[in-house]
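Worth knowing before you read on, the calculation uses all heavy atoms, side chains too, and leaves out hydrogens, waters and symmetry mates.
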Amino acid sequence: MKDIVALCKRRGFIFAASDIYGGINGFWDYGPLGVELKNNLRDLWWKSMVLCPPLGPKGTAYEGQPVDIVGLDSSIIQNPKAWEASGHVGGFSDPMVDDRETKLRYRADHLVAYSWNKGNAEKPVYIALQDGMEDEDKIKRLKKLGFSQELSEYTRTPFTDPSILANLDKVIGPDAKEAGTLTEPKQFNLMFHTFIGATGGEENKAYLRPETAQGIFLNFKNVVDSSRVRVPFGIAQIGKAFRNEVNPRNFIFRSREFEQMEMEWFCHPDEAKIWRDFWFEERSKFWKAIGLRSDNLRMRQHDQDELSHYAKAGLGTADIEYRFPFTAPDFGELEGIAHRCDFDLTQHQAHSKVKLEYLDPVTQQKFMPHVIEPAAGLTRGVLAMITEAFTIDPNRPSGVYLDFHPALAPKKAAILPLTAKDEHPVIATKLYMELRNDFAVDLDIKQNIGKRYARQDEIGTPYCFTIDDQTVADQTVTVRERNTMKQERIGLDHVAEYLRKNIKAI
RNA sequence: GCGGGUGUAGCUUAGUGGUAAAGCUCCAGCCUUCCAAGCUGGCUAUGAGGGUUCGAUUCCCUUCACCCGCUCCA
């Protein structure tokens, strides 16, 4: 992993954000090649979803014909009420307390401290208990710690009371053996705040979106009313999302600012399963088509207890996971396909008071569509692409090369005159000018040919076209293929066609 | 968030309480007819802040970033 991070920096894929100030935890910048790679992945996803979506599954009206998906680019900042409706504000903003000994976590406002001075007023001992416990269990717990009074004899103080927080070293946690293992309560809201307007008081508070999905639900009615779509259909969006992660880790895998590629598929509740299976299949195919090896991919159904608030009911969530170097031999999430039921539309309808039900024009049935959501991490995808491509090869000068699928490679080809003399640069420049209109190509004239091949290997350029004396004589160039280092000669006038044929992924 | 570790140039490594050294990379020039060759020249570093000291990259404190393990990931 260290080598991958180093290569990313050395060759201009990914830099630490604010590098010259020592970096900033959880943020990364995409360099000249990184942005090309990310854009390529983004464009392939967009193509596979919006421009050229798959044919529908068997057992639906869509069998054999393309499904309907339209694009969207919604604002990062929305009305804060939207995040209350979605459950992002209320659901995860409570003060939490950790127990360093047992590693358990409690809501601070659910804890109550029981104390009994035991005849020694100088040194009260507090026993924190979950307020919701049955009295019987409280007595049992207190007894276990050596306190056998009636419950009424104890002083009962809310845990969040300053007198308790100032004496945490004397508090025994609900499951701890000794006092002093509980931490100060901490706010755990993962949403970034900001303030709208130059004066910025609390009443002007707003949030940066923690997922792109909500922008789609907020525009569901607008799209239905304007775009001649009929359920089932999808709305796709790619964009940045922000989460104040407690602990960003593993390069760009978990960062605080990241990019998502999400599509919300609206369908009749009865068809949810068909579409869930369909999208799961399609999305798996996508990742394989652009170069991830199947043995590095895994499909995993979420357990009931790890489901998000929106997916508790319904068919649950299935992840497409990739074996990243830092998770290996285990896997890390790359994309989740969730059945969000009608949670979001129902919530927004209730909070906004705007009717979001759908009237099927054929059956005249009115219903709240269910949502199947394939939600992929664009930046995680980039990381998967880079780690998959990273190949050690002691038999070549660079010692390593990036085995990108040609469709993903930041540079599709390099045009290299064998020497900087004679006709070589002239022909090379002419070829470069022809190709650059259609392909991301490099022209590199300086230094010896071996160095230039090595450089292209390290940035994953799949093809190098070299101009030599024979080119001058018979108008052919050599093509060097990155992975095999093999060369063949093709006509100068066939280069564009050669590239077009070889860089197609989907 | 907890525990442990690491911070000298883009990389790999030297070294010192008193002008920070080298190889590779990179850039420029020369040379070069297929895989980082050679020659000449050049850019670039003690993570940041504070303290002790005449003087700190070196000693002390704080902080930041990264790595490993746990935790977390609505």
Side-chain angles (χ1 to χ4, degrees), chain A residues 1-3 5-12 15-28 31 83 86-94 96-105 181 183-191 210-211 243-251 253-256 258 306-312 317 319 326 332-333 336 338 377 380 393 395-401 414 416-424 445-458 464-473 477-480 482 484-487 489:
Chain A
M1 194 62 207
K2 245 178 123 179
D3 295 337
V5 176
L7 176 68
C8 282
K9 180 173 185 189
R10 181 156 44 91
R11 287 303 180 189
F15 307 121
S18 308
D19 203 6
I20 59 171
Y21 287 101
I24 176 166
N25 195 359
F27 298 90
W28 301 92
W83 303 112
S86 69
H88 288 88
V89 174
F92 216 60
S93 58
D94 311 301
M96 305 297 280
V97 173
D98 286 324
D99 188 318
R100 282 187 283 262
E101 177 194 327
T102 62
K103 305 295 182 194
L104 293 169
R105 173 167 286 175
T181 61
T183 63
E184 298 261 345
K186 279 174 294 231
Q187 288 290 341
F188 262 76
N189 197 318
L190 268 63
M191 279 203 291
E211 63 176 22
R243 293 181 195 179
N244 241 325
E245 294 289 355
V246 175
N247 186 9
R249 205 49 99 75
N250 294 328
F251 201 28
F253 181 76
R254 176 168 300 121
S255 49
R256 292 186 164 131
F258 56 102
E306 61 177 318
L307 288 176
S308 326
H309 58 280
Y310 51 75
K312 292 274 188 226
T317 299
D319 280 348
F326 47 81
E333 181 187 345
R380 279 187 183 181
D393 180 5
N395 295 319
R396 65 178 71 206
S398 55
V400 63
Y401 66 102
L416 311 173
L418 190 55
T419 68
K421 278 189 192 165
D422 307 325
E423 283 291 289
H424 299 173
I445 298 176
K446 298 284 169 69
Q447 298 177 318
N448 74 56
I449 192 73
K451 274 193 185 186
R452 286 177 282 163
Y453 284 149
R455 235 191 324 259
Q456 298 300 334
D457 279 348
E458 273 202 330
C464 290
F465 299 107
T466 306
I467 283 84
D468 57 14
D469 278 347
Q470 198 180 328
T471 311
V472 180
V477 296
T478 64
V479 188
R480 172 190 183 268
R482 174 195 61 209
T484 60
M485 300 199 285
K486 293 245 168 65
Q487 299 192 15
R489 292 199 83 87

To the nearest 0.5 Å, how far apart are [atom1] in [X] and [atom2] in [Y]?
| X | Y | atom1 | atom2 | result |
| --- | --- | --- | --- | --- |
| A:Glu458 | A:Arg10 | CD | CZ | 4.0 Å |
| A:Asp19 | A:Trp28 | CG | CH2 | 9.0 Å |
| A:Phe258 | A:Glu211 | CZ | CD | 9.0 Å |
| A:Gln487 | A:Tyr453 | CD | OH | 4.5 Å |
| A:Lys486 | A:Arg480 | NZ | CZ | 12.0 Å |
| A:Asn448 | A:Leu418 | CG | CG | 9.5 Å |

request  = Would you sort out whether A:Arg455 and A:Gln447 count as a side chain to side chain contact (heavy atoms under 4.5 Å, CB included), showing the intermediate values?
outcome  = CA-CA 11 Å; A:Arg455 235 191 324 259; A:Gln447 298 177 318; 3.4 Å; yes
[X] [atom1] to [N] [atom2]: how many Å, rounded?
| X | N | atom1 | atom2 | value |
| --- | --- | --- | --- | --- |
| A:Glu333 | B:rA74 | CD | P | 8 Å |
| A:Asp468 | B:rC34 | CG | P | 9 Å |
| A:Ile445 | B:rC27 | CD1 | C1' | 16 Å |
| A:Leu416 | B:rA36 | CG | P | 14 Å |
| A:Ile20 | B:rU44 | CD1 | C1' | 15 Å |
| A:Glu458 | B:rA36 | CD | P | 13 Å |
| A:His88 | B:rA74 | NE2 | C1' | 7 Å |
| A:Lys421 | B:rU32 | NZ | P | 4 Å |

With both distances kept under 3.5 Å, what pairs with [N], Watson-Crick or G-U wobble?
| N | value |
| --- | --- |
| B:rC59 | B:rG51 |
| B:rA14 | none |
| B:rC70 | B:rG1 |
| B:rA45 | none |
| B:rU6 | B:rA65 |

key: salt bridge (Lys or Arg N to Asp or Glu O under 4.0 Å) partners for A:Arg396, two or more places apart   =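 Listed in chain order: A:Asp393, A:Asp457.
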Between [N] and [M], how many Å separate the two [atom1] atoms, rounded to a whole number?
| N | M | atom1 | answer |
| --- | --- | --- | --- |
| B:rG15 | B:rU8 | P | 15 Å |
| B:rU32 | B:rG38 | C1' | 9 Å |
| B:rC67 | B:rG41 | C1' | 38 Å |
| B:rG47 | B:rU6 | C1' | 12 Å |
| B:rU19 | B:rU13 | P | 25 Å |

ask   = Looking at residues at least two apart in the chain, or sitting in another chain, which of them share a ring pair (Phe, Tyr, Trp, His ring centres under 6.0 Å) with A:Phe15?
value = none
key: Residues in ring pair (Phe, Tyr, Trp, His ring centres under 6.0 Å) contact with A:Phe253, at least two apart in sequence or another chain   =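 With sequence neighbours excluded, A:Phe253 shows a ring pair (Phe, Tyr, Trp, His ring centres under 6.0 Å) to A:Phe324, A:Phe326, given in chain and number order.
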ask   = Taking all atoms of both residues into account, what is the closest heavy-atom pair of A:Asp468 and A:His424, and its distance?
value = C-NE2, 3.3 Å
ask   = Looking only at heavy atoms, which two atoms of A:Arg452 and A:Ile445 are closest? And how far apart?
value = NH1-O, 3.5 Å
Sub-3.5 Å pairs of nitrogen or oxygen atoms, protein against nucleotides 37-42 of chain B:
unit_1	atom_1	unit_2	atom_2	d
B:rA37	OP2	A:Asn448	ND2	2.8
B:rA37	N7	A:Asn448	ND2	3.1

message = Checking side-chain contact (heavy atoms from CB on, under 4.5 Å) between A:Arg256 and each of A:Leu190, A:Asn25, A:Ile24, which is the one that passes?
response =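 The single option meeting the side-chain contact (heavy atoms from CB on, under 4.5 Å) with A:Arg256 is A:Asn25.
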Let's see if you can work this out: which of [options] has an atom nearest to the side-chain heavy atoms of [X]?
| X | options | answer |
| --- | --- | --- |
| A:Ala420 | B:rC70, B:rC34, B:rU32 | B:rU32 |
| A:Asn247 | B:rA74, B:rG29, B:rU71 | B:rU71 |
| A:Thr466 | B:rC34, B:rG29, B:rA74 | B:rC34 |

ask   = Hey, does the side chain of A:Arg455 come within less than 4.0 Å of B:rC26's phosphate (OP1/OP2), counting only N and O?
value =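 A:Arg455 to B:rC26 OP1/OP2: side-chain N or O found under 4.0 Å.
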task = Determine: side-chain N/O of A:Lys446 to OP1/OP2 of B:rG29, distance under 4.0 Å, yes or no.
result =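 Yes, such a contact exists.
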request  = Using heavy atoms to find the nearest nucleotide of RNA chain B for A:Arg243 and A:Lys486 separately, return the residue whose nucleotide is more 5′.
outcome  = A:Lys486
key: Closest-nucleotide 5' rank along RNA chain B - winner of A:Ile467 and A:Ala6   = A:Ala6
Below 3.5 Å is the cut-off: list the nitrogen or oxygen pairs between protein and nucleotides 5-9 of chain B, distance only.
none

Which is true for [X] with a 4.0 Å heavy-atom rule: it touches a base, it touches only sugar-phosphate, or it touches nothing?
| X | answer |
| --- | --- |
| A:Gln456 | nothing |
| A:Arg482 | nothing |
| A:Gln487 | base |

List, with names and distances, any nitrogen or oxygen atoms from the protein found under 3.5 Å away from nitrogen or oxygen atoms belonging to nucleotides 63-67 of chain B.
unit_1	atom_1	unit_2	atom_2	d
B:rA65	OP1	A:Asn25	N	3.2
B:rA65	O4'	A:Gly22	O	3.2
B:rC66	OP2	A:Asn25	OD1	3.1

ask   = Does some side-chain heavy atom of A:Thr466 sit less than 4.5 Å from a side-chain heavy atom of A:Ile449?
value = yes
query = Is a donor-acceptor contact shorter than 3.5 angstrom present between the side chain of A:Arg480 and the base of B:rC35?
reply =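 Donor-acceptor pair under 3.5 Å: yes.
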